[in-house]
Amino acid sequence: MTMQNAFIAFPWAVALILLPLTGAICCFLFPRITRTLGLITSLANVVSVIGLSWQLLQYGSYRHEVGGWGAPLGIELYADGLSLLMLATTALVGFAISVYSSSYFKPALAVRFWPIWMCLLAALNALFLSADIFNLYVTLELLGLSAVALTALTGSKEALSGAMRYLLATLLASLAYLLGVTLLYHSFGSVDIGILAEQIQASPATWAALGLIAAGLMLKTAIFPLHFWLPPAHGSAPAPVSALLSALVVKASFYILLRLWFTLFAPLLDGDAINNLLGLLGCAAILWGSVQALRQSRLKLLIAYSTVAQIGYLFLVFPLATNMGSVAWNGVAFLIISHALAKSAMFLSAGNLLCFGGHDRIADLDRVVQRLPLTAAAFAIAGVSIMGIPPSGGFIGKWLLLESAMTQGRWDLAAVMILGGLMAAAYIFKVIGYTFIPAQITHEAQSVSASMQWSALLLAIGAMLLGFLSLPVLAMLNISDINLASGFGL
Amino acid sequence: MLLTCNIQQCAMQLDEPVYCANTGNSMNRKLFLIILLLPLLLTLAAGLGYAVLSLPEQPQYLPELVIDNMHESGVSHPVTAVLLNFRGYDTLLEMVVLLLALLAVWSLDITASRNKTRHKSAPGLVLDTLTRLLTPVLILVTAYLLWVGAHAPGGAFQAGSVLAASGVLLLLAGWRISDKLTAFPLRIILIAGPSMFIIISVLTMLFEGHLLKYPVAQAGLFIVILETLATLSIGATLAALFIGVRPKESNKGRQHE
Amino acid sequence: MNPAMFFALIGVGLFCLGLFSLIINSHLLRKILAINIMGSGVFLVLVALAKRAENMPADPVPHAMVITGIVVAISATALALTLMLRVASETGHATLVDEAEK
């Protein structure tokens, strides 16, 4: 009994931040065992998230005053349902990618990969737990710089250019965000989200801050038309890094946008205009991303443009969600998690194909179904979730969003969502089709290790399983400070 | 336009892109972009300026809170107190950012002589003498800035920057540390600052129940330890960032590819 | 207009100037310098407004935030410059291979 109490009372939130940092330093200090250290840290991260979820389910949302100083003097950590789901997604996808990377990277690259990946993991955890907008800026910068460093890891021309473009975009976005934080601080005297939410009122400075912060975060999330940096970066990074970027890094800035939009800036956003503008950008992203995905001849670029499209779906939460407990909110949460699982599975499969055949041209995917059945299965199952076919997690997310759109009479959004689903089906079936037929020129095959194939497949299966786990996920999502019983949109 | 082309042709190898090649196209594009952007950015500037001008009275409760609680923070300068005690978590993360930048630069693997041939030459007399005279002074200034941070402007970052500057000066004058020292010992110095932060984080979690909550009696001591190690780390990291080249891996650690 | 506001407006101006330069220039070094100018602008706004009232002491929290921001900016600039050198050595020019991809 006391063991169980000790397990629940352990400060898992703090452990989630300190563990990857320690892991990063150890990986840096001991390059010869860096892979093992990285895997251990990743596993410990999963355990910590399990501990945190148990804690939150027992006690409700968690608040920790760093330094013993409460806001506004100090920084506060805050964990509720949404942060828990993001942390859990990060931990699971992160662990799968760690297992994949332990076989993928040769020792020379592995020594450079693991410390930086651990820093990225620390940044993600710190970001999802923070309740202070300046602290969020520091975590965003840590996240962005790690992501850029990982993108440039292979040293190829495309990777370096993609990383450079990504770096400039992310720095610009961070500075816009920081200027917004500046305006908010100097208007209200605090950078704590809770205190700001109480005191905020519309004023030119607050509107400017909203614009700047939203613009910065939208650039980091690569919503149309600010998505220009994503395809080159995600398309030319090493496969596990592309998986990390598409699954987790772009979701981090989206998470901040969601939080700030619905808690901090809520008094400013009574009108429909801005929400509809974001919805419009989302629709444009869905259509543009899907069309571009259909046009690609390289698999990784196709998957990258698919990410652009799926991010568009996420932005439909803004016109549709009336508050944090509503149907659209739940739908977006499901979409975030299922997309993270499915997209990372897709990128890892693409990595397997790249290792296998030495190329990722879609037209030359030579009978992959026979030669790499696990990888083909992973891609197909992940594709099912991306398309939104039952019983996957993607289906639940899209279904909830569609339901929300139709009950609110937004037939335009519903139509775009359905069209997006059809186009997703088109580009995914195109790839799957090519995996069945022999290519014009057959290629010599390298072997792909089992851990690489299985990690991709397990992620894809996870995306499917999510479809069956809707009740527990919704239970976790509803752990929050905010009283969700009032004003439930349906 | 012809003159600028000639000047640029005389410039260094890795210089300006070929303005001269498709001048017509890129110039037109640039002009078009400028015409499009200028009004937008002027509006942005005007809007932001108006937002700044319309800011309300400065809220005073946070500065007052800082002053009120400073006696428990272990230092007597408000900025140092905020940086290392009240918002010490931000400082922890930013030290990790600095370390990460070095990891990233090392992973990019700029070998010193990629495109150009390296010439070895002795530093000139002025540089040599100046470096020999200035380095001890800079180290003293570092120590002073570190110590004075407790009650006046100063502290770990300022001291670390001066230390890094002296390191850069030494590097420019041709001083290098031996290969044995650049492997493990250098790494220890680089991680000393962030590691101390993490060790103190763990200790304070265990004994005080809050992350980075210094016990009031020992707060000053903790801050001094943190700042000293941070100064060393920051100085080493910035100097290593300047030189950019990853140190050679030791023979024992090298993996066969 | 008191001095704090004056400097804050200059900070805003630097931000916009840097943004303009970032988009217009194609050479990577200029883009990186533009980012630095934008960063300086934001820090200037943050710090200048820390002492708006004449008779009150300066607010120490923005000062600490700017110190943090400067360290982050240094790290980012170091990474950007190294990346630029690598791009230049791989492609021969210090520019982004832009429009061909779009």
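In the text below, chain A, chain B and the rest are named by the order of the sequence lines, each starting its count at 1. Just so we're clear, the structure is a prediction, and the values are computed from it rather than from any experiment.
- Residue contact with chain B, scored on non-hydrogen atoms closer than 4.5 Å, involves the backbone and the side chain of His186(A) alike.
- Heavy-atom distances place the side chain of Phe30(A), and not its backbone, under 4.5 Å from chain B.
- Taking CG of Leu212(B) as the start and CD1 of Ile200(B) as the end, the distance is 8.0 Å to the nearest 0.5 Å.
- Considering Leu136(A), Thr139(A), Ile193(A), Ile213(A) in turn, Leu136(A) is the only one that fulfils the side-chain contact (heavy atoms from CB on, under 4.5 Å) rule with Ile256(A).
- Looking only at side-chain heavy atoms (C-beta outward), Leu244(A) and Leu150(A) come within less than 4.5 Å of each other.
- Note: Pro56(B) leads Gly47(B), Pro56(B), Pro63(B) in heavy-atom pairs under 4.5 Å with chain A.
- When the candidates Ala104(B), Ser195(B), Pro194(B), Pro59(B) are compared by the number of heavy-atom contacts under 4.5 Å with chain A, Pro59(B) comes out ahead.
- Residues Glu72(B) and Trp69(A) meet the side-chain proximity criterion, which asks for heavy atoms closer than 4.5 Å.
- Options Leu190(B), Val66(B), Leu99(B), Asn85(B) differ in how many heavy-atom pairs under 4.5 Å they form with chain A, and the most are formed by Asn85(B).
- The number of heavy atoms from other shown groups lying within 6.0 Å of CZ (Arg112(A)) is above 12.
- A 4.5 Å side-chain heavy-atom check between Ile133(A) and Tyr177(A) finds at least one atom pair inside the cut-off.
- Proximity to chain B is limited to the side chain of Leu160(A), based on heavy atoms less than 4.5 angstrom apart.
- Around the OH atom of Tyr61(B), the shell of radius 6.0 Å holds more than 12 heavy atoms that belong to other residues, nucleotides or ligands.
- Considering only heavy atoms from C-beta on, Gln201(A) stays 4.5 Å or farther from Pro267(A) through its side chain.
- When heavy atoms are compared at a cutoff of 4.5 Å, Glu76(A) does not approach chain B at all.
- The shortest side-chain heavy-atom distance between Ile35(B) and Phe32(B) does not fall under the 4.5 Å cut-off.
- Between chain B and the options Pro72(A), Gly74(A), Ala15(A), Ser130(A), the largest number of non-hydrogen pairs under 4.5 Å is found for Pro72(A).
- Heavy atoms closer than 4.5 Å to chain B are found in both the backbone and the side chain of Ser187(A).
- Near-neighbour residues of residues 86-94 of chain B relative to chain A, defined by a heavy atom under 4.5 Å from a heavy atom of that chain, comprise Phe86(B), Arg87(B), Tyr89(B), Asp90(B), Leu92(B), Leu93(B), Glu94(B).
- Taking chain B as the reference chain and counting heavy-atom pairs below 4.5 Å, the highest number among Leu153(A), Val66(A), Asn135(A), Thr206(A) is found for Asn135(A).
- Contact count versus chain B (heavy atoms, under 4.5 Å) is highest, among Leu145(A), Leu21(A), Leu77(A), for Leu21(A).
- Counting heavy-atom pairs closer than 4.5 Å to chain B, the top residue among Pro11(A), Pro115(A), Ser146(A), Ala208(A) is Ser146(A).
- Taking the side chain as every heavy atom from C-beta outward, Tyr78(A) and Leu129(A) never approach each other to under 4.5 Å.
- A heavy-atom distance below 4.5 Å is found between the side chains of Phe265(A) and Leu268(A).
- The candidate with the highest count of non-hydrogen atom pairs below 4.5 Å against chain B, out of Val148(A), Thr22(A), Asp132(A), Leu120(A), is Asp132(A).
- The candidate with the highest count of non-hydrogen atom pairs below 4.5 Å against chain A, out of Val96(B), Ile188(B), Val52(B), is Val96(B).
- Exactly one of Leu84(B), Leu232(B), Leu83(B), Ile234(B) qualifies for a side-chain contact (heavy atoms from CB on, under 4.5 Å) with Glu227(B). That residue is Leu84(B).
- Counting only heavy atoms from C-beta outward, the side chains of Tyr214(B) and Gln218(B) never approach each other to under 4.5 Å.
- Ranking Leu73(A), Leu18(A), Leu142(A), Thr182(A) against chain B, the residue ahead of the rest is Leu73(A), based on heavy-atom pairs under 4.5 Å.
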